[in-house]
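Reviewing the structure listed below.
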Amino acid sequence: MDKIKMTANVIRQDEIAYEVYSLWLSAKEIANIAKPGQFVNLFSADGSRLLPRPISICEIDKDNGNLRLVYRVVGAGTKEFSVLTSDHSVEIMGPLGNGFTSEGKKAILIGGGIGIPPMLELAKELDCEKSIVLGFRDEEFLSEEFEPYGKVYKSSDAGNIGVKGTVMDAIKEYAITGDIIYACGPLPMLRAISDYALSNGIRAQISMEEKMACGIGACLACVCKSKDIDEHSKVNNKRICKEGPVFYAGEVEF
Amino acid sequence: MDKIKMTANVIRQDEIAYEVYSLWLSAKEIANIAKPGQFVNLFSADGSRLLPRPISICEIDKDNGNLRLVYRVVGAGTKEFSVLTSDHSVEIMGPLGNGFTSEGKKAILIGGGIGIPPMLELAKELDCEKSIVLGFRDEEFLSEEFEPYGKVYKSSDAGNIGVKGTVMDAIKEYAITGDIIYACGPLPMLRAISDYALSNGIRAQISMEEKMACGIGACLACVCKSKDIDEHSKVNNKRICKEGPVFYAGEVEF
Amino acid sequence: MNTKVSIAGVEFKNPITVASGTFGSGMEYNDFVDLSLLGAVTTKGVANIPWAGNPTPRIAETYGGMMNAIGLQNPGIDTFCERDIPFLKTKDTKIIVNVCGKSESDYVEVVERLADEPVDLLEINVSCPNVKEGGIAFGQDPKALYDITKAVKAKAKQPIIMKLSPNVTDITVMAKAAEEAGADALSLINTLTGMKIDVKKRTFAVANKTAGVSGPAIKPIAVRMVYQVANAVKLPIIGMGGVATAEDALEFIMAGATAVAVGTANFHNPYVTTEIIKGIEDYMAENKINDINELIGCVK
Amino acid sequence: MNTKVSIAGVEFKNPITVASGTFGSGMEYNDFVDLSLLGAVTTKGVANIPWAGNPTPRIAETYGGMMNAIGLQNPGIDTFCERDIPFLKTKDTKIIVNVCGKSESDYVEVVERLADEPVDLLEINVSCPNVKEGGIAFGQDPKALYDITKAVKAKAKQPIIMKLSPNVTDITVMAKAAEEAGADALSLINTLTGMKIDVKKRTFAVANKTAGVSGPAIKPIAVRMVYQVANAVKLPIIGMGGVATAEDALEFIMAGATAVAVGTANFHNPYVTTEIIKGIEDYMAENKINDINELIGCVK
Ligand SMILES: Cc1cc2nc3c(=O)[nH]c(=O)nc-3n(C[C@H](O)[C@H](O)[C@H](O)COP(=O)(O)OP(=O)(O)OC[C@H]3O[C@@H](n4cnc5c(N)ncnc54)[C@H](O)[C@@H]3O)c2cc1C
Ligand SMILES: Cc1cc2nc3c(=O)[nH]c(=O)nc-3n(C[C@H](O)[C@H](O)[C@H](O)COP(=O)(O)OP(=O)(O)OC[C@H]3O[C@@H](n4cnc5c(N)ncnc54)[C@H](O)[C@@H]3O)c2cc1C
Ligand SMILES: Cc1cc2nc3c(=O)[nH]c(=O)nc-3n(C[C@H](O)[C@H](O)[C@H](O)COP(=O)(O)O)c2cc1C
Ligand SMILES: Cc1cc2nc3c(=O)[nH]c(=O)nc-3n(C[C@H](O)[C@H](O)[C@H](O)COP(=O)(O)O)c2cc1C
Ligand code: FES
Ligand code: FES
């Protein structure tokens, strides 16, 4: 069983924060083999929008063959998805990318903004001690769902949730330690985490983003600069959709 | 009150023959002023299909502000409309075109195939003696709805409904007479009717078709050759969407 | 907030006009939009005498757009001056008359006839792909473009806008030829030559075989050409090609257009021009832009 | 029913191949389609040495299509020969290697290196709008195209397909130049140069500023060019540009293409190539066409 494109029925959808939606899809073939940190491509039903919308997998319910996606409305594609109800279906392709690799004894999971969702399935699956750091702009979402899996620390730009500032501020404030970091979030956050991890000798797996066309490594749209020569093109360009989206801090330059 | 573009809610839709659909829309502003023989433009919800689909008005329910359209699925646009249910709405513009003009004492209404629907509202509104001639390929539809308004004669290409042959065969077979003909249907049928009307000195109003873009007379896509110099461009080209779709036999050449 | 822009000294109350041939002379769209809200109305091409245009079918739908080969059907300049100009003068908007011809003398005849008419700008269509003579022939050869521009300019009483064809290897060569010959402004793009085959009927979808592609599908090509031309010549540009939203119009403005014409989108939504004007104002308010002129060519 | 077609003596089991750069060397799409079902696989452009390509963002969505400025990232011909050709040889399909370069000698080097490799056809990309040197520069000037064609042909052991740029005034001039210089076949169209501006960020959507537009949006332009070229030269044509359905492929064939390449559509639907092959067979059955070759150029 490998990645496929299929029609997934919508099971339910809820707006869990302002313009942030939680979408449960029935996608047995994908759910069966998906791992935390992988993503799926969602396709618009409107013929004027042909490129896929990559969305990380937030939860995998293998028993029922369901997938949960959590996404923010930022443009026409996500706007379209946000009105889907259980009467609808959506074209979906996956699972895509490498996903997170379990390692270490004491993990720090860091999610920033719409980078929080993929950390949830990881939190569920990781079998070790976990600190979970979640950074918000000014509205909290999903955080109580992390509670069962580890101690949850929070930060917010506005200061209304947890520590005022970034996830790095929360890490310092609470002196959070670990031997492996898993992170997903905006580029400045990933940069700060990379720097922190590299200078403290901690391994860090970070999940990257780039515009995508094929989602499977064929088109070379989604590359990021890599320290080592990449296997595919021999030019220090790793494909986020294929070698990523999860890379080690230091492996990619950004 | 003039023509507008609006969002019309679907009241109900039924397949009344193979790939022929009857669609009731709530479109008060249009229904209020529509006349038999006029048409509306329907717009696709898919951004890849931007041009309007012109569809004749089949029935006008002014009391409730509703319009009935009956159309055949021939391509992607009509296919899309055919799945609309009372949960949906559709963009619609109208009323467009001139419509039929009531005249004479003894009318022959002739509809061929998907040209039958616009004759229904006309049959309802015409206050005179009426013979109604309906031509089918091999499947009957809508004909019993004409019964209250006049004597209905039928023909079919396959011969399974009424006279085998065309509407002209039915007219000859039943020796149908009148002092005014109203007709809508395929080009060869309109041509035969025009010839018949002209050579017998009967007036005939025939409804024409052409590919359209604006639907209101601005783009000059939908012209047909006219006997007289047209008012708009002075070149014997009448606009079907504006001066038509209903023309007198002899007024247009085709 | 200032939305006024100026094309060759003619001030538009806002940058939005319509693309020639998609709006008639405005009469039909007057039922949907108040023409006085538009920066300018650009008319359908008009020739010295009536033209019958091409056989039907004249149009076909294409993916995300359409194609047309109307063939410049028009009533000729006499009827136009008697009927269309007086109508437009009742509206508080600028008037751009689009001029077409089969030969240099045809163009000059129309331009001379318009000299004493109350029109603000002349748009010279040397880029229609749908007529055998004239049209695009002038628009694909810099020398021919230079000559016709010069000839028209010599007789024109109003500023002239040369309308460029996108069906060329290097649009900046054409823009420079028009500039050197004395054009006051440029408009681009006209339609891209296309073809559609009806595979069921095994025939051309449009009777003329080839037809001009327009609509959102061609927008990226139009934006690129406007950007190239804005960075190659000093003339003001009326940008067009697939504009259907305020964002689309702003894209053209940021690429270097001073005004923007809306064409095919009118067919899909007859209210679109005024919606775009409103959308531009909203964008300016949200982004604290006091003067639309600040946005012209701001992306380099 | 015969679906076999022949390009310069190389027989495809059906007319469907993929457009260079949209399918890698087929490895990734092998998870979705059995490559042995395709008439041919056309590879991503390969140069004499590895190329890093352009900065990101490299792509943007456009209305009914997309634009890309990948910049021909590729591993160079050595890795390609070691890895990609052996992989493709395990499939029962023809191999078309797309060749790119910055100078004539780059192209010639790749072509010579491929002389003893088991590839069937060479497609020479002289039309990439996304690299500064080479690419489109050869594809917009008939003299340059003639010279590069001649130089490549002199060294090539396989038949050569010259891939033409649509960003020209008259595509038939280019086609004739390639034909005269000895090309064995032509493929067209490459992407149309476009631009997209992100009005929120007031910046270019693609880092390279301009990028090549592909997808259904450009199909009418591609069909027109294939028709023009088919009626101007004797060479077989691989048609492409926006093919997403069997009807699209048939449009190209009826316009005069012998084979058809599917590009951008793979991104939307990775199964699309085999669906198109099936759709063509269905069309032939329904319309009682015994041999696909009857349809080539049947609409005049
Ligand atoms: C591996 C990966 C995982 C992601 N996971 C999530 C997630 O779990 N939740 C979530 O809300 N968002 C996620 N994103 C971002 C998400 O893909 C974009 O927000 C979405 O594609 C925007 O589509 P749109 O049509 O609404 O916006 P538009 O801006 O209209 O989209 C236009 C085009 O740009 C692309 N695009 C726009 N933003 C991005 C982006 N940030 N990254 C990649 N492509 C983009 C779109 O796919 C589309 O092709 C992820 C992106 C990647 C690459
Ligand atoms: C005044 C008028 C009244 C009409 N009334 C009816 C009616 O009551 N019932 C009905 O079933 N059909 C009617 N038609 C035909 C109807 O417009 C077409 O069948 C419909 O547009 C096909 O759309 P599509 O997307 O399914 O087909 P496609 O072939 O995919 O359409 C592609 C394009 O061609 C146009 N087109 C295709 N066929 C026609 C046609 N025959 N006439 C005009 N444009 C066409 C479409 O509008 C669209 O722009 C009428 C046409 C006109 C001009
Ligand atoms: C139906 C139609 C008729 C047109 N007629 C003319 C014309 O008479 N003169 C002209 O210069 N351009 C004409 N054009 C081209 C448009 O003015 C415009 O340049 C082109 O359509 C691109 O803009 P759009 O994509 O917004 O439609 C016509 C376009 C269409 C669609
Ligand atoms: C992402 C991408 C990469 C491409 N890379 C190449 C290439 O390496 N060599 C080439 O000749 N054409 C390349 N092309 C052009 C395509 O082969 C094709 O000519 C064009 O995309 C039109 O076809 P389509 O609309 O089906 O995609 C590329 C196109 C895309 C979208
Ligand atoms: S999206 Fe095509 S290689 Fe990653
Ligand atoms: S459709 Fe535009 S004039 Fe009739």
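Letters A, B, ... are given to chains in the order of the sequence lines, protein chains preceding strands, and every chain is numbered from 1.
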Heavy-atom proximity to chain A below 4.5 Å, by part of [X]:
| X | value |
| --- | --- |
| D:Ser25 | neither |
| D:Ala60 | backbone |
| D:Phe23 | backbone |

Can you establish whether the number of heavy atoms outside [X] located under 6.0 Å from its atom [atom1] is more than 12?
| X | atom1 | answer |
| --- | --- | --- |
| A:Tyr18 | OH | no |
| A:Arg137 | CZ | no |
| A:Lys28 | NZ | no |

*Starting at CD of D:Glu28, measure out to NE2 of A:His232 and round the result to the nearest 0.5 Å.*
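Reported to 0.5 Å precision, the distance equals 5.0 Å.
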What pair of heavy atoms forms the shortest contact from [X] to [Y], and how long is it?
| X | Y | answer |
| --- | --- | --- |
| D:Thr56 | A:Val223 | CG2-O, 3.4 Å |
| A:Leu220 | D:Gln73 | CD1-O, 3.4 Å |
| A:Leu51 | D:Ile59 | CD1-CD1, 4.1 Å |
| A:Pro52 | D:Phe267 | CD-O, 4.4 Å |
| A:Ser233 | D:Pro50 | O-CB, 3.8 Å |

Heavy-atom distance under 4.5 Å between the side chains of [X] and [Y], does that happen here?
| X | Y | answer |
| --- | --- | --- |
| D:Glu61 | A:Arg53 | yes |
| D:Pro270 | A:Met93 | yes |
| A:Ile216 | D:Tyr29 | yes |
| A:Ile4 | D:Tyr271 | yes |
| D:Met66 | A:Lys211 | no |

*Quick one: which of D:Thr79, D:Thr62, D:Asn266, D:Thr22 has the most heavy-atom pairs under 4.5 Å with chain A, could you say?*
D:Thr79
*Using a cut-off of under 4.5 Å on heavy-atom pairs, state which of D:Gly76, D:Pro216, D:Pro75 scores highest against chain A.*
D:Pro75
*Check whether A:Glu231 gets within reach of chain D through its side chain, its backbone, both or neither, counting any heavy atom under 4.5 Å.*
backbone
*Heavy-atom proximity to chain D below 4.5 Å, by part of A:Met212*: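 For A:Met212, backbone heavy atoms alone lie under 4.5 Å from chain D.
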_Among the listed options A:Lys234, A:Glu91, A:Lys5, the residue most often paired with chain D at heavy-atom distances under 4.5 Å_ =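 Result: the option with the highest number of such pairs is A:Lys5.
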